[in-house]
Amino acid sequence: MDGSISVSGDARQLITDLIIDYAHAIDDDRLESWADFFTDDCSYRIINRENHDKGRVVGIMDCSSKGMLQDRILALREANVFEPHTYRHIVSGTRIVGQDGDVFSVETSFLVVRIMQEGDMAIFCTGKYIDEVAVTGGTARFRSRLVVCDSNRIDTLIVIPI
Amino acid sequence: MATDIKNLVTWPDDGVSRIPIQIYTDPDIYTEEQQRIFRGPIWSFVGMADEIAKPGDYQTTYIGDTPVIVLRDLEGDVQVIVNRCAHRGNLVCIAKEGHTEELTCVYHNWRYDLQGNLKSVAFGKGVGKQGGMPDDFKREDNGMQRLKCEVYAGLVFATFSEEVAPLTEWLGAEMVENIDRVVGRGMVLLGTYSQYMPNNWKLYMENVRDSYHASILHMFQATFRINRLSMKGGIKLSDGGWHHISYSIAETDKEESEYDSKKLRAVKDGYTLADPSLVKGWREFDCGTTLAIQSTYPNFVVQQISNSLALRLCLPKGPEECELLWWVFGTPEDTEEQREIRIKQSNMIGPGGVISMEDGVVGGWIQRGTKRDQDKSTIVQMGGRDIAPSAEGRATEVSIRGFWQGYRDCMGV
Ligand code: FES
Ligand SMILES: [Fe+2]
């Protein structure tokens with residue numbers, strides 16, 4: 001059956017804290033700490049649901065190392081040109097659906113509202129995080145974070161990670 | 001059709017080197033474009049033949065803003081049919097893609113074969129001898145509208161025009177050669193997505209042809225001191241300027257092998273990439289071409305940026321919005337490693353592309369910047385006022401002028 005598994009309260013707390021802290025870090029513009037939410041060997045990919053369902057691999061962002069995560073943020077700060085904006089992440093419904101040793105399979109729904117500098121505010125993206133979270137020595141980190149967007153459409157551009 | 005276009009817009013005197021701002025917002029111009037361009041003497045890209053591999057497979061898309069069905073009929077031929085029921089105009093195919101043996105309109109159950117011929121009309125003979133269609137109603141005169149279509153190198157094109165030249169003739173040899181090069185080996189689709197932009201479709205197509213901005217607006221490579229090889233490059237334009245290719249070629253074979261170590265050299269004060277594998281590629285083409293952006297008139301793009309291959313189609317969505325559809329692909333011969341490189345390089349392109357994300361945003365800024373200055377014009381005079389091919393790629397706007405030549409030819413302005 002597809003559903004939640006039973007997990008010790010400690011691990012569950014570490015995992016949900018990680019997911020909440022990650023969202024706050026992005027919304028608070030603490031993007032330099034983004035890579036710290038991941039293990040040294042990690043991956044991060046944003047892909048739309050259609051591609052994901054069809055088993056296609058190319059999405060909107062694809063970082064296959066921690067260095068690439070750092071490069072994304074450095075590019076955002078120093079190179080890329082865009083209209084200033086922030087996000088507000090609403091995450092909910094975290095469920096732990098699998099465990100392999102210290103690594104947990106976790107799914108969480110998200111909604112991201114984008115707030116432009118002039119005040120325009122709109123739903124930018126909704127979808128589901130499909131995560132592999134490593135829990136070791138009292139800390140939880142993403143080993144992989146797959147961001148599956150419900151819609152195929154991205155409005156204008158995406159530079160801040162989801 | 002009787003609209004006199006000259007009453008709608010006055011073109012500035014400077015040929016194709018000054019563009020009236022009004023044409024990026026005016027709803028009447030937008031309507032004329034649908035007729036004179038998208039239903040005019042052009043071939044529109046509508047999809048990949050591989051995506052409708054089996055008889056009965058279909059996809060729905062648009063030519064301009066007209067909904068169309070692209071399908072493979074039971075004989076195995078590709079057909080492009082306007083997605084409008086002959087009865088009351090309902091959309092016949094609702095799903096984005098699917099499989100069907102016939103086209104059935106859900107509203108009153110008129111049924112068409114996969115070539116659009118009307119096969120049956122529900123209650124056509126009436127019910128209990130009451131009602132029904134008039135005796136002189138002929139099914140053969142009331143099918144769905146089928147368009148002329150051609151498949152070239154797995155790309156499906158269609159046209160409303162009776163007059164337009166056959167596809168490859170319309171494209172010209174140089175344009176066909178590049179299509180052969182980039183997609184001729186076959187395409188394996190790696191992903192698709194859409195980028196929705198708050199600007200007129202023509203602003204995006206100008207950006208595609210704007211080789212002037214590349215090293216100025218997009219700062220990723222400069223910021224990270226990613227050295228480019230000594231390149232030669234330039235602009236190819238088809239006769240009349242309608243289609244374009246802007247390209248770069250690595251000077252020699254030798255340089256390519258030194259590519260990786262050299263180009264990643266970080267200079268003092270510069271930033272360095274923590275993971276430079278992002279910009280690692282392989283020499284994919286014997287000709288040494290490292291970049292080729294091709295547009296066929298009016299709204300289709302074939303892209304090779306290093307090993308990142310993609311098709312793009314810019315669909316108009318009203319005067320001030322457009323939607324860019326992307327198909328990112330590899331080839332059937334790709335090794336696992338090459339596929340990984342293509343996936344990695346996809347970080348450079350699209351709405352989240354570190355090199356190209358800015359292309360999504362400038363159109364909207366122009367749309368806002370020009371809102372209240374409909375009587376003014378923009379300047380497209382870098383590199384002259386003509387539409388001659390150019391050996392210089394950066395200090396010229398010749399490809400944009402080519403776009404406007406096609407525009408003036410089609411629109412009669
Ligand atoms: S509108 Fe299609 S059958 Fe009536
Ligand atoms: Fe660009």
Side-chain angles (χ1 to χ4, degrees), chain A residues 32 35 40-85 116 118 120 122 124-125 147-162, chain B residues 96-97 188-199 216-224 270-279 308 310 321 323-330 339-340 342-347 349-365 368:
Chain A
E32 279 66 21
D40 287 340
D41 188 15
C42 64
S43 72
Y44 172 82
R45 173 181 288 168
I46 304 177
I47 194 166
N48 63 46
R49 183 175 180 164
E50 183 186 346
N51 284 328
H52 183 62
D53 289 350
K54 287 180 172 173
R56 294 176 186 155
V57 285
V58 162
I60 307 290
M61 277 191 200
D62 197 300
C63 301
S64 50
S65 70
K66 205 162 184 169
M68 285 179 80
L69 295 172
Q70 291 157 348
D71 291 340
R72 271 276 171 188
I73 300 306
L74 197 53
L76 176 157
R77 296 286 192 219
E78 304 295 337
N80 290 131
V81 181
F82 54 90
E83 193 162 343
H85 60 276
M116 306 305 292
E118 287 193 1
D120 296 358
F124 178 59
C125 190
V147 184
V148 181
C149 304
D150 293 325
S151 169
N152 287 355
R153 270 188 193 172
I154 295 289
D155 179 5
T156 311
L157 61 70
I158 177 163
V159 60
I160 302 172
I162 290 172
Chain B
K96 212 173 140 188
E97 58 190 3
V188 174
L189 202 49
L190 300 176
T192 57
Y193 45 79
S194 136
Q195 186 174 5
Y196 206 83
M197 293 176 283
N199 55 264
I216 303 170
L217 174 67
H218 305 302
M219 288 301 291
F220 181 81
Q221 278 135 316
T223 302
F224 292 100
Y271 296 97
T272 39
L273 287 175
D275 185 350
S277 67
L278 173 65
V279 289
S308 167
E321 289 176 25
E323 179 167 26
L324 186 64
L325 304 180
W326 291 78
W327 292 257
V328 182
F329 62 94
R339 205 176 82 113
E340 291 304 318
R342 293 200 204 278
I343 294 169
K344 216 168 242 192
Q345 289 188 359
S346 69
N347 280 293
I349 61 160
V354 286
I355 292 185
S356 67
M357 69 172 71
E358 290 87 5
D359 291 326
V361 87
V362 282
W365 289 344
R368 278 150 65 183

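Note on naming: letters A, B, ... go to the chains in the order of the sequence lines (proteins, then strands), and numbering restarts at 1 for each one. From a predicted model like this one, the values you see are computed outputs, not experimental measurements.
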Region of B:Glu321 in contact with chain A, defined by heavy-atom distances below 4.5 Å: neither
Okay, B:Val328 and chain A: the region with an atom under 4.5 Å from a heavy atom over there is side chain
Interchain contact, A:Asn152 with chain B, by part (heavy-atom threshold 4.5 Å): both
Mark yes or no for whether A:Asn80, through its side chain, and B:Val354, through its backbone, hold a donor-acceptor pair below 3.5 Å. yes
Please look at B:Glu340 and chain A and tell me whether the side chain, the backbone, both or neither of the residue comes under 4.5 angstrom of a heavy atom of that chain. neither
How close do A:Arg72 and B:Gly352 get, heavy atom to heavy atom, and via which atoms? NH1-O, 2.6 Å
Contacts of type side-chain hydrogen bond (donor to acceptor under 3.5 Å, both in side chains), residue B:Asn199, not counting sequence neighbours: none
What part of A:Glu50 gets closer than 4.5 Å to chain B, counting heavy atoms only: side chain, backbone, both or neither? side chain
Using 0.5 Å steps for rounding, measure from the CG atom of A:Leu157 to the CE atom of B:Met197. 10.5 Å
Would you please test B:Asn347 and A:Met68 for side chain to side chain contact (heavy atoms under 4.5 Å, CB included) and show each step? CA-CA 10 Å; B:Asn347 280 293; A:Met68 285 179 80; 3.4 Å; yes
Pick one of side chain, backbone, both or neither for A:Ser64, based on which atoms fall under 4.5 Å of a heavy atom in chain B. side chain
Check each atom of A:Glu78 against the heavy atoms of chain B and say whether the ones under 4.5 Å are side chain, backbone, both or neither. both
Determine the minimum heavy-atom distance between A:Arg153 and B:Ser194, stating which atoms define it. CG-OG, 2.9 Å
Count the heavy atoms of every other residue, nucleotide or ligand shown that sit under 6.0 Å from CZ of A:Arg49, and state whether that count exceeds 12. no
How close do A:Thr156 and B:Gly360 get, counting heavy atoms only, and between which atoms? CG2-O, 3.3 Å
B:Trp326 versus chain A, the contacting section by heavy-atom distance below 4.5 Å: neither
Closest contact, heavy atoms only, B:Ile343 versus A:Val57: CD1-CG2, 3.6 Å
Using modelled atom types and a 3.5 Å cut-off, is there a donor and acceptor pairing between side-chain atoms of A:Asp71 and backbone atoms of B:Ala274? yes
Side chain from CB out, backbone as N, CA, C, O: work out which of these in A:Lys66 comes under 4.5 Å of a heavy atom of chain B, or both, or neither. neither
Please identify each residue that fulfils side-chain hydrogen bond (donor to acceptor under 3.5 Å, both in side chains) with A:Ser65, with sequence neighbours left out. B:Asp275
